[in-house]
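Notes for the one structure printed next.
Convention: sequence-line order gives letters A, B, ...; per-chain numbering from 1.
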Amino acid sequence: DVKVTQSSRYLVKRTGEKVFLECVQDMDHENMFWYRQDPGLGLRLIYFSYDVKMKEKGDIPEGYSVSREKKERFSLILESASTNQTSMYLCASGRLSAKNIQYFGAGTRLSVL
Amino acid sequence: GEDVEQSLFLSVREGDSSVINCTYTDSSSTYLYWYKQEPGAGLQLLTYIFSNMDMKQDQRLTVLLNKKDKHLSLRIADTQTGDSAIYFCAESIGNSGYALNFGKGTSLLVTP
């Protein structure tokens with residue numbers, strides 16, 4: 001079974017803090033993704049990566065950066081957390097293929113106070 | 001990008017069939033997907049359909065695809081209380097090769 005593990009289920013941070021969300025997959029997938037999920041807005045793509053050290057902006061990259069130093073790990077960084085970044089963050093991974101199936105982690109619910 | 005459209009809520013009685021509808025945007029999408037999200041969890045792939053198919057059946061699940069109208073539906077037969085969840089429709093985005101475009105999700109409530 002594919003396993004996508006997000007390091008924290010719940011996080012509480014203060015405004016202005018630098019926040020790291022970590023995601024690890026164990027299936028040697030080329031592609032990894034970060035989404036945020038908000039009520040009434042569905043899933044919105046923040047960043048994705050198709051290879052080590054490669055990254056592409058999604059629909060809402062402002063206020064975020066990412067790092068992919070190893071194939072299995074994809075980190076989302078909030079440089080200076082703000083209250084409007086309170087959300088559920090979902091990581092996904094997938095193989096580079098025509099089917100493009102994405103496998104999701106359990107999510108990290110981040111509260112910025 | 002443009003929105004994948006889904007109705008927000010659906011309520012059915014246990015044992016009835018549920019039909020969740022979706023209108024997608026990209027006529028060049030090669031695959032379309034249904035994901036399920038249970039409370040407090042991530043998304044789980046339920047099924048997917050290749051764009052040259054009209055229908056796909058997998059146990060209690062039936063997916064219908066109308067390419068002309070860009071309409072996708074998911075039918076769950078004999079719906080159970082354990083099927084209560086949010087269901088997301090998603091399309092592969094044309095030439096991107098990577099990203100999926102998700103709908104906002106349909107909350108299915110199954111009552112006894």
Fill in the blank from the handout: Across all chains, not counting sequence neighbours, the salt bridge (charged side-chain N to carboxylate O under 4.0 Å, His left out) partners of A:E56 are none
Exercise for the section: Please answer: with hydrophobic residues joined when any side-chain heavy atoms are less than 4.5 Å apart, are A:L76 and A:F20 in the same cluster? Expected result: no
Handout entry: chain A contact residues among residues 36-64 of chain B, heavy-atom distance under 4.5 Å
Key = B:Q37, B:G40, B:A41, B:G42, B:L43, B:L45, B:Y48
Exercise for the section: Give the C-alpha distance, both sets of side-chain angles, the deciding distance and a yes or no for side chain to side chain contact (heavy atoms under 4.5 Å, CB included) between B:Y33 and A:I101. Expected result: CA-CA 8 Å; B:Y33 313 82; A:I101 293 169; 4.1 Å; yes
Handout entry: same_hphob_cluster(A:L43, A:F33) at 4.5 Å side-chain heavy-atom cutoff
Key = yes
Practice task
Output the distance between atom CG (A:L45) and atom CG (B:N101), rounded to the nearest 0.5 Å.
Solution key: 9.5 Å
Problem - Interatomic distance, B:F88 atom CZ to A:F104 atom CZ [nearest 0.5 angstrom] - result: 9.0 Å
Handout entry: Beyond-backbone contact of B:F102 with A:R44, side-chain heavy atoms, under 4.5 angstrom
Key = no
Practice task
Group every Ile, Leu, Val, Met, Phe, Trp and Tyr by side-chain heavy-atom contacts under 4.5 Å, then state whether A:M88 and A:M32 land in the same group.
Solution key: no
Practice task
Following the transitive rule for hydrophobic clusters with a side-chain heavy-atom cut-off under 4.5 Å over Ile, Leu, Val, Met, Phe, Trp and Tyr, establish whether B:L65 and B:L100 coincide in one cluster.
Solution key: yes
Practice task
State yes or no: do A:M54 and A:F48 share one hydrophobic cluster built from I, L, V, M, F, W and Y residues joined by side-chain heavy-atom distances below 4.5 Å, directly or via other members?
Solution key: yes
Exercise for the section: Given side chain to side chain contact (heavy atoms under 4.5 Å, CB included), test B:Y35 with A:Q102 step by step and report yes or no. Expected result: CA-CA 10 Å; B:Y35 280 84; A:Q102 294 184 18; 3.7 Å; yes
